[in-house]
There are 2 protein chains.
Amino acid sequence: MIDDDATPPNVTLEEIARAAGVSPSTVSRILNGTARVLPAKQKAVEQAIARFNYRPNVLARGLASGKTDTIGVLTQTVSSPFYAEWLRGIEDGLSETGYTALFVSSRWSIKDEMARLEQFIARRVDGMILLHAQLDEASLIDYSRHAPLLVLGRSVQNSASLASLPLDNLQGARDATRHLIDQGHRRIAFIAGPPNHEDAIERLDGYRMALEEAGIAFDAELVEQGDYLETGGVAAMERLFARGSSFSAVFCSNDQSAYGARLTIFHRGLRVPEDISLVGFDDLPTSSYMTPPLTTVRQPTYEIGRLAAQGIVQMIRKQPIALKTIPLTLVIRETTRRWAPASTAKARRTSR
Amino acid sequence: MIDDDATPPNVTLEEIARAAGVSPSTVSRILNGTARVLPAKQKAVEQAIARFNYRPNVLARGLASGKTDTIGVLTQTVSSPFYAEWLRGIEDGLSETGYTALFVSSRWSIKDEMARLEQFIARRVDGMILLHAQLDEASLIDYSRHAPLLVLGRSVQNSASLASLPLDNLQGARDATRHLIDQGHRRIAFIAGPPNHEDAIERLDGYRMALEEAGIAFDAELVEQGDYLETGGVAAMERLFARGSSFSAVFCSNDQSAYGARLTIFHRGLRVPEDISLVGFDDLPTSSYMTPPLTTVRQPTYEIGRLAAQGIVQMIRKQPIALKTIPLTLVIRETTRRWAPASTAKARRTSR
DNA sequence: TTGTAGGCGTTATCAT
DNA sequence: ATGATAACGCCTACAA
């Protein structure tokens with residue numbers, strides 16, 4: 001009988017060795033370029049490998065060598081457009097190094113986060129990259145004892161095996177708010193992010209700071225709670241309208257909130273930016289295709305991802321790395337415009 | 001000297017056994033629930049595990065057992081909003097089964113696709129899910145000999161280790177086009193997807209079929225090539241305008257193209273849907289937040305992801321599975337409206 | 001340069 | 001019920 005439908009007869013290094021008439025170690029050496037081998041044998045082995053379609057068993061290799069050439073990457077949500085670019089950057093950055101990324105998400109749950117990190121360790125990843133880790137610093141230090149750890153979008157005490165690459169959310173939010181102020185806006189509403197997110201708090205702080213610097217009193221009436229999601233933006237915007245406070249601009253703590261706010265404004269029959277200026281935060285890929293294109297604070301996530309990939313590899317190789325806080329830049333598009341105090345919130349000119 | 005900064009002294013099963021005063025096999029049995037063990041020993045082992053913070057080495061386990069509890073998931077681009085929901089569905093679907101997903105992307109390159117699958121096999125994944133695999137069927141069959149393979153968004157000859165879950169793109173495109181026709185549109189432009197994508201072709205076919213059924217002659221002048229990306233939508237729309245042919249609606253082969261088209265229309269000073277009706281395909285999460293919310297064909301990617309997760313697990317367990325083609329549903333929102341033949345492409349009423 | 005042998009941390013097959 | 005013991009597939013001194 002022929003084993004047609006049977007489980008694949010996975011070829012092993014030993015069989016290759018036998019087929020090529022050499023010892024297993026020689027095959028291993030050729031595979032890893034660990035030592036020079038006679039051209040003749042080299043060729044024989046390569047042919048055998050090709051003929052049998054041999055692929056080294058990663059598990060066995062990892063067990064024996066103690067390295068897996070794998071980087072664990074923890075995101076909060078794989079499906080978020082925000083993380084997507086980050087992952088792409090990491091993947092691209094890693095592709096040239098021989099490491100493979102293992103993406104998982106923890107759904108903003110600290111418990112999941114721990115479970116995922118445990119998994120990474122159980123899988124013996126060579127390094128880990130955490131996007132917006134929520135874990136306390138002590139835990140991070142603890143995990144970093146198993147493999148180098150790089151935390152993005154957050155600042156922690158760095159060491160040889162633990163590094164962080166903070167983003168200047170405060171500065172970004174400040175710039176965005178200042179831009180609105182420069183355009184003549186005085187009543188600027190703010191849709192906040194989750195109150196327990198460090199970066200959301202920083203963005204609120206940046207907003208307040210810019211107001212203060214411009215001598216504009218902070219008005220709690222103009223601040224509404226969002227959740228970094230579109231639905232939260234919709235709800236917050238509705239509450240803002242319902243409250244009746246006047247405002248000529250809205251600064252949203254992230255683009256997704258801005259999408260939601262924009263929808264509410266649209267359904268309200270108001271125009272952006274003629275009636276209300278709108279600013280987001282993140283610069284998601286689709287933000288430049290919003291109608292009109294969204295003015296927002298750009299986080300160079302793709303580039304950060306690449307940097308992180310390089311960084312973690314350097315850490316694994318025990319090379320020193322220097323990460324400096326990344327500046328965020330305001331991207332002015334078409335949802336903001338100069339505010340003439342005389343204007344009312346009513347439509348005045350024919351829209352395009 | 002104390003090894004403070006040293007590599008973690010990874011605890012092994014053997015050490016746990018020693019600490020608990022039992023044999024390694026007993027620990028293993030407790031870990032896997034393979035056999036009943038005396039409560040006393042059970043407890044001793046559990047305490048040792050907790051005390052040493054022991055985590056089984058996944059690699060060793062995989063080597064010995066031949067299973068890795070890992071599912072390889074191949075996407076074309078991790079960063080695409082389109083795949084994001086799919087991944088989330090898969091992750092959620094898998095979370096209850098004890099399997100972990102290994103996400104990788106092949107960037108629409110067949111070469112990369114093969115390389116990724118080889119990696120999966122080298123890592124000894126227990127099963128694979130491919131989103132929009134481009135590989136020819138023979139290769140798929142070949143790979144499926146190593147581990148069960150589930151192909152999404154495509155139809156292949158099914159077997160015990162190879163299954164597919166096709167999506168009815170043709171029907172979806174037909175419904176969308178018919179919707180426009182029902183609204184009185186006769187001159188309906190089409191922005192196509194990559195000519196080498198099976199689903200893009202099916203969508204074009206659906207468009208043509210609906211036209212034909214309605215007795216409307218197909219006009220090549222109204223079809224422009226896109227690339228499934230926003231930029232392609234922008235360019236295609238511009239070419240459509242430049243050509244000068246009249247049309248009252250545009251059907252885009254995917255939402256991202258629609259975003260691009262919508263931007264061009266906006267910059268052109270025309271309104272949606274007053275001047276031009278617009279329909280997309282996919283129903284990305286952000287599409288309901290477009291201004292105005294986009295009418296589109298919904299692919300239940302999240303649900304499909306969950307189904308796929310369950311499906312692959314069943315295949316691994318050698319349970320029979322039955323996958324039927326998934327219908328796509330038209331979601332009518334605010335970018336389409338009835339077309340009055342008398343209208344011209346000029347603005348007529350004041351926009352909101 | 002090349003081969004031999006031991007070990008990596010589990011699981012699984014036997015006995016007991 | 002529990003404990004030896006042999007794989008699992010590869011790497012790496014060590015020896016030749």
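Here the structure is a predicted model, which means the values were calculated and not measured. Convention: sequence-line order gives letters A, B, ...; per-chain numbering from 1.
- Qualifying salt bridge (charged side-chain N to carboxylate O under 4.0 Å, His left out) partners for Arg317(B), counting only residues two or more places apart in sequence or in other chains: none.
- By the salt bridge (charged side-chain N to carboxylate O under 4.0 Å, His left out) test, Glu137(B) pairs with no residue at all, sequence neighbours left out.
- Among residues at least two apart or in separate chains, ring-ring contact (aromatic ring centres under 6.0 Å, His included) pairs with a member in residues 87-137 of chain A are Phe82(A)-His132(A), Tyr83(A)-His132(A), Trp86(A)-His132(A), Trp108(A)-His197(A).
- Here Leu38(B) pairs with Lys41(B) under the side chain to side chain contact (heavy atoms under 4.5 Å, CB included) rule; sequence neighbours left out.
- Going from atom CD1 of Ile304(B) over to atom CZ of Arg306(B) covers 13.5 Å, rounded to the nearest 0.5 Å.
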(message) Can you build the contact string for nucleotides 6-16 of chain D? Use B for base contact, S for sugar-phosphate-only contact, and - for no protein heavy atom under 4.0 Å.
(response) --BBBSB----
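- Taking a cutoff of 4.0 Å between a charged side-chain nitrogen and a carboxylate oxygen, Glu85(B) and Arg88(B) qualify as a salt bridge.
- In this structure the side chain of Arg124(A) reaches within 4.5 angstrom of the side chain of Asn57(B), judged on heavy atoms.
- Under the salt bridge (charged side-chain N to carboxylate O under 4.0 Å, His left out) criterion, Asp112(B) pairs with Arg107(B), sequence neighbours left out.
- Each end of the helix from dT1(C)-dA16(D) to dT16(C)-dA1(D) yields a helix axis from five base pairs, and these two axes differ in direction by 40° (to the nearest 10 degrees).
- Shown for residues 37-53 of chain B: no residue has heavy atoms falling under 4.0 angstrom of DNA chain C.
- Proximity of Leu87(A) to Val73(A): side-chain heavy atoms (C-beta onward) are separated by under 4.5 Å at one or more points.
- Under the side chain to side chain contact (heavy atoms under 4.5 Å, CB included) criterion, Ser164(B) pairs with Val151(B), Val156(B), Asn158(B), Pro166(B), sequence neighbours left out.
- Arg61(A) meets the salt bridge (charged side-chain N to carboxylate O under 4.0 Å, His left out) test with no other residue; sequence neighbours excluded.
- A nucleotide of DNA chain C counts as in contact with chain A when one of its atoms lies under 4.0 Å from a heavy atom; the first and last such, 5' to 3', are dT1(C) to dG9(C).
- When the side chain to side chain contact (heavy atoms under 4.5 Å, CB included) test is applied to Ala308(A), the partners found at least two apart in sequence or on another chain are Ile129(A), Leu150(A), Leu152(A).
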